Number of protein chains: 4
Amino acid sequence: MQDKKLTRREREKLRHRRQMLVAAIELFSEKGYHNVSMHEIAKRAEFAIGTLYKFFKNKEDLYKALIMEKAAEYHRTLIRALSREGDVLTILKNYISAKAGVFADDVATLRLYFAETQGASFNIKAGLDQDIRKLYDELVEQLASTLEKGIRKNVLRDLNPYYTAVALEGITNAFLFCWLEDPERHSYEANAPVIRDIFLKGVVAE
Amino acid sequence: MQDKKLTRREREKLRHRRQMLVAAIELFSEKGYHNVSMHEIAKRAEFAIGTLYKFFKNKEDLYKALIMEKAAEYHRTLIRALSREGDVLTILKNYISAKAGVFADDVATLRLYFAETQGASFNIKAGLDQDIRKLYDELVEQLASTLEKGIRKNVLRDLNPYYTAVALEGITNAFLFCWLEDPERHSYEANAPVIRDIFLKGVVAE
Amino acid sequence: MQDKKLTRREREKLRHRRQMLVAAIELFSEKGYHNVSMHEIAKRAEFAIGTLYKFFKNKEDLYKALIMEKAAEYHRTLIRALSREGDVLTILKNYISAKAGVFADDVATLRLYFAETQGASFNIKAGLDQDIRKLYDELVEQLASTLEKGIRKNVLRDLNPYYTAVALEGITNAFLFCWLEDPERHSYEANAPVIRDIFLKGVVAE
Amino acid sequence: MQDKKLTRREREKLRHRRQMLVAAIELFSEKGYHNVSMHEIAKRAEFAIGTLYKFFKNKEDLYKALIMEKAAEYHRTLIRALSREGDVLTILKNYISAKAGVFADDVATLRLYFAETQGASFNIKAGLDQDIRKLYDELVEQLASTLEKGIRKNVLRDLNPYYTAVALEGITNAFLFCWLEDPERHSYEANAPVIRDIFLKGVVAE
DNA sequence: TATGAATGAGGGTTCATTCAT
DNA sequence: TATGAATGAACCCTCATTCAT
């Protein structure tokens with residue numbers, strides 16, 4: 001966050017690290033973890049292979065760092081959207097919109113995130129699975145507790161909050177996926193109202 | 001389909017092929033495409049490596065055959081559910097239930113199917129993506145046209161049929177995924193009513 | 001031992017294994033474990049690198065197999081020499097001669113054996129050290145017990161049998177080493193009488 | 001030798017060099033030449049890698065410097081022991097004792113020295129072999145000439161002086177090796193009388 | 001036809017060494 | 001002079017695929 005107090009050397013190092021991560025995200029997102037070699041990443045980042053290994057212990061480590069940094073940011077944003085003051089319906093609307101924001105200009109990362117969370121990832125890195133799932137579970141719980149609040153206030157119908165959260169996730173991710181597959185045709189932002197329309201109509205009381 | 005008219009030789013061959021595919025599904029589903037070797041598959045199927053290659057041109061071919069056979073069956077079942085006579089709401093209810101039926105006792109294949117369709121699969125086999133997506137698109141179109149029928153008959157609200165179909169897919173897949181991750185805790189069948197409740201409430205007119 | 005009952009395939013496999021070990025011994029002996037690559041060994045043995053790995057799990061495994069096979073043979077021969085019937089002095093003379101026999105036409109292996117046992121080997125393979133040392137310790141114990149017999153019979157002076165065994169090993173190995181360094185100048189066989197002369201004179205009673 | 005006339009700068013430099021060599025000896029002795037990296041040595045010596053290379057042209061150079069300095073000291077001590085005035089038997093007794101003195105409190109270096117001289121060292125540095133062997137050969141020659149003197153004076157039996165020297169080296173090294181492997185159990189100093197007993201009994205006249 | 005030994009390209013990783021600061 | 005980031009050759013090993021039997 002605060003690069004200010006770093007020496008020039010340290011700032012350079014951080015910049016280099018970021019360059020490597022950018023190259024890696026691009027390649028992993030284009031071709032998938034197993035179809036990208038460390039040499040390829042190094043080349044794209046314009047560093048020698050040895051330099052790459054100075055920054056990341058090994059390929060799995062690099063991948064994990066990359067995924068976890070992005071996932072943490074994503075979840076932080078969404079948790080924040082759910083934590084804001086206000087009535088439940090507004091919070092849910094904001095939440096639906098916020099989902100687009102995080103990856104707005106970063107389809108590559110979204111692809112990776114989906115590959116990891118939706119696609120029955122196969123333990124690329126032992127532990128990554130667990131770590132990322134923990135984040136995801138936290139998010140769903142938070143969403144469920146928001147929904148529960150709405151139910152208690154009779155704003156929402158009396159549905160199982162957990163499964164309602166799952167349903168909302170399902171819908172929003174489906175639209176994100178549409179956008180991912182063909183960003184020209186399917187704008188997530190433009191479709192957010194559709195999501196709200198269907199989902200909220202399905203869950204609000206009365 | 002019709003093993004009857006085949007010679008014993010041909011029947012044997014088909015049986016062997018099936019044995020290989022079963023071994024492959026198990027392994028791919030446990031460990032993912034890139035973490036399974038052809039030798040491993042051959043061994044599990046109790047054939048020599050050379051024999052495996054007599055049946056499948058290469059690893060990608062084997063994988064594609066496997067995925068496409070299952071996907072075709074899956075889509076056939078769902079398309080059939082959508083093609084039945086009857087009122088739209090009943091069709092939709094049946095459709096939601098049918099989704100569970102296909103993979104009822106075959107989590108392994110479901111995992112693979114999800115990895116391939118939800119998880120931003122990375123062109124394991126050039127072309128597989130296209131082929132499977134074509135099936136999927138057909139399904140969504142068919143679903144959309146069913147919904148459209150409902151809209152025309154004023155059974156459903158006037159929503160964009162395509163995106164409504166996307167939303168339904170999103171919800172049902174989310175529940176399938178829950179089941180996949182923890183079959184003990186999250187029975188898809190038991191949750192089908194929740195899906196209907198939320199989704200149909202969201203889309204039916206009045 | 002008994003190749004007779006093996007199929008042709010199996011005999012071929014054994015022959016190939018032997019060819020690989022021969023290539024490996026030559027190279028390791030010329031340049032040392034760390035200065036020889038698996039590719040080099042494969043090339044010298046006229047096999048592809050992958051074939052080498054079909055026979056040996058990894059480089060350490062190959063090395064260990066090689067060393068242990070030779071060491072076992074060496075120790076078997078010497079133990080046999082010590083186990084023969086007869087008076088102690090004859091046994092010792094035979095033992096001294098036998099030391100040459102094993103490596104008579106295989107300087108390469110002797111070099112490796114010395115590197116491993118005399119040269120403070122640095123655990124090329126965890127466990128190799130232990131395994132080979134166990135063999136060596138057995139040998140020294142056996143030698144010590146032979147000497148002890150001689151002492152009890154008053155054929156030898158009353159010396160500590162273990163350290164006397166160590167001394168004999170030291171002398172014989174020193175001569176083997178001479179031969180190893182310059183086989184033309186220092187024949188072990190020709191020098192065996194010198195060893196007997198000095199050592200036996202030093203230890204016999206009277 | 002003479003640090004006195006050196007400037008502070010030069011004295012510092014020498015101290016640094018010594019620190020590096022100490023770190024290197026420890027590591028090489030623990031793990032062997034090939035299992036120690038230059039970075040490791042630099043770190044242990046608490047210098048930057050670049051600084052290490054200011055002092056030693058490369059890894060081989062560092063190793064050679066280290067080995068040769070120790071070897072030179074060792075041989076100097078032994079040659080001195082052989083050069084003293086006095087009767088041959090006393091000289092030999094002193095020589096046997098002196099062998100322990102050099103490495104008395106430096107097992108690390110002894111390990112390296114043995115790895116290099118007994119263990120069929122594999123030309124870690126082209127030339128090191130030759131250089132160290134030259135020292136060794138000088139020592140054996142000197143020892144042989146001492147023995148020859150004894151033979152001429154009829155103090156020793158009429159044996160080949162060179163091979164007798166080889167035998168003495170063999171015995172003493174075997175005991176040093178015992179001590180090296182298990183310093184608790186096998187004290188070289190305590191065993192020196194055994195060596196003298198066996199060896200001298202074997203070589204003295206009458 | 002079924003077999004499995006053999007192949008070798010290619011990938012992950014290490015580490016001695018250099019050089020700009 | 002001391003530093004340590006950067007380099008890239010070279011190594012170990014895997015595995016999809018072929019082909020003689």
Side-chain angles (χ1 to χ4, degrees), chain A residues 7-10 12-13 16-17 20 34-43 45-62, chain B residues 9 12-13 16 33-43 46-63, chain C residues 7-10 12-13 16-17 20 34-43 45-62, chain D residues 9 12-13 16 33-43 46-63:
Chain A
T7 64
R8 192 182 47 70
R9 265 261 173 88
E10 287 166 325
E12 280 248 297
K13 242 184 128 169
H16 291 177
R17 193 188 135 97
M20 289 172 192
H34 290 286
N35 300 312
V36 172
S37 76
M38 289 297 268
H39 271 98
E40 230 173 326
I41 297 172
K43 200 172 177 187
E46 297 184 281
F47 285 100
I49 182 71
T51 312
L52 193 54
Y53 276 91
K54 281 281 194 303
F55 283 78
F56 305 95
K57 211 174 77 237
N58 52 40
K59 192 181 177 185
E60 291 183 349
D61 207 55
L62 163 57
Chain B
R9 261 279 172 65
E12 280 250 296
K13 239 184 122 170
H16 290 177
Y33 181 79
H34 290 285
N35 300 313
V36 172
S37 74
M38 289 297 267
H39 269 99
E40 228 173 328
I41 297 171
K43 199 173 177 190
E46 298 183 280
F47 286 99
I49 183 71
T51 312
L52 192 56
Y53 274 88
K54 283 279 191 299
F55 283 78
F56 304 96
K57 211 175 79 231
N58 53 39
K59 191 181 178 184
E60 293 182 347
D61 207 54
L62 162 58
Y63 187 74
Chain C
T7 65
R8 193 182 47 67
R9 265 263 172 89
E10 287 166 325
E12 279 248 298
K13 243 184 127 170
H16 291 176
R17 192 188 135 98
M20 290 172 191
H34 290 285
N35 299 312
V36 172
S37 76
M38 289 298 267
H39 269 99
E40 227 173 328
I41 297 171
K43 200 172 177 191
E46 297 183 282
F47 285 100
I49 182 73
T51 311
L52 195 53
Y53 277 92
K54 281 280 192 307
F55 284 78
F56 303 96
K57 213 175 76 236
N58 53 40
K59 193 181 176 184
E60 292 183 348
D61 206 55
L62 163 57
Chain D
R9 263 276 173 69
E12 279 249 299
K13 238 181 123 172
H16 289 177
Y33 181 79
H34 290 285
N35 300 312
V36 172
S37 75
M38 290 297 268
H39 270 100
E40 227 173 329
I41 296 171
K43 199 174 178 190
E46 296 183 281
F47 286 99
I49 183 71
T51 313
L52 192 55
Y53 275 89
K54 283 281 193 297
F55 282 78
F56 303 96
K57 210 175 80 232
N58 53 39
K59 192 181 178 184
E60 293 181 346
D61 207 54
L62 162 57
Y63 187 74

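Here is how names work: the chains are called A, B, and so on, in the same order as the sequence lines, proteins then strands, and each is numbered from 1. If you're wondering where the values come from, they're calculated on a predicted model, not measured in any experiment. Only this structure's heavy atoms are used, side chains among them; waters, hydrogens and symmetry mates stay out.
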Exercise. Please give, in whole Å, the distance from dA5(F) P to Ile49(D) CD1?
Worked result: 12 Å
Exercise. Looking at His39(C), does any N or O in its side chain come under 4.0 Å of the phosphate oxygens OP1/OP2 on dC11(F)?
Worked result: no
For this session: Assign Lys59(D) to base, sugar-phosphate, or nothing according to its heavy-atom contacts below 4.0 angstrom with the strands shown.
Result: sugar-phosphate
Problem set entry | Rounded distance (Å) that lies between atom P of dC15(F) and atom CG of Leu62(B) | 16 Å
For this session: Specify the residue among Ser37(B) and Gly50(B) whose closest nucleotide of DNA chain F lies further upstream toward the 5′ end.
Result: Ser37(B)
For this session: For dA5(F), take OP1 and OP2 only and decide whether either is under 4.0 Å from a side-chain N or O of Thr51(A).
Result: no
Exercise. For Arg8(C) and dA5(E), what is the distance between atoms CZ and C1' respectively, to the nearest whole Å?
Worked result: 11 Å
Exercise. What is the distance from CD of Glu12(D) to P of dA2(F), rounded to the nearest Å?
Worked result: 9 Å
Exercise. Can you tell me how far CG of Leu52(D) sits from NE2 of His39(D), rounded to the nearest 0.5 angstrom?
Worked result: 9.5 Å
Exercise. Does a side-chain N or O from Tyr53(A) land closer than 4.0 Å to OP1 or OP2 of dT14(E), or not?
Worked result: no
Problem set entry | Most 5' of Lys13(B) and Val36(D) on DNA chain E, judged by nearest nucleotide | Lys13(B)
Exercise. Rounded to whole angstroms, how far apart are CZ on Phe47(C) and P on dG8(E)?
Worked result: 12 Å
Problem set entry | Base partner of dA20(E), which must satisfy Watson-Crick or wobble distances under 3.5 Å | dT3(F)
Problem set entry | Residue Met38(D), side-chain heavy atoms: nucleotide from dA16(F), dT17(E), dA6(F) that is nearest | dT17(E)
Exercise. Looking for any heavy atom pair under 4.0 Å, which part of the strands does Phe55(C) touch: base, sugar-phosphate only, or nothing?
Worked result: sugar-phosphate
Exercise. Parallel, tilted or perpendicular: which fits the ring planes of His34(D) and His34(C), with parallel below 30° and perpendicular above 60°?
Worked result: parallel
For this session: Report which part of the nucleic acid Arg9(B) touches: base, sugar-phosphate, or nothing (heavy-atom distance under 4.0 Å, all strands).
Result: nothing
For this session: For His34(D) and dC12(F), give me the distance from atom NE2 to atom P, rounded to whole Å.
Result: 12 Å
Exercise. When you measure from the centre of the six-membered ring of Tyr53(A), is the NZ or CZ of Lys59(A) under 6.0 Å away and within 45° of the axis?
Worked result: no
Exercise. If you round to the nearest 0.5 Å, how far is CZ of Phe47(D) from NE2 of His16(D)?
Worked result: 4.0 Å
Exercise. Can you tell me how far C1' of dC19(F) sits from CG of Leu52(B), to the nearest Å?
Worked result: 16 Å
Exercise. Once you round to the nearest 0.5 Å, how far does CZ of Arg17(C) lie from CD of Glu12(C)?
Worked result: 16.0 Å
Exercise. Rounding to a whole Å, what distance do you find between Asn58(D):CG and dC15(E):P?
Worked result: 17 Å
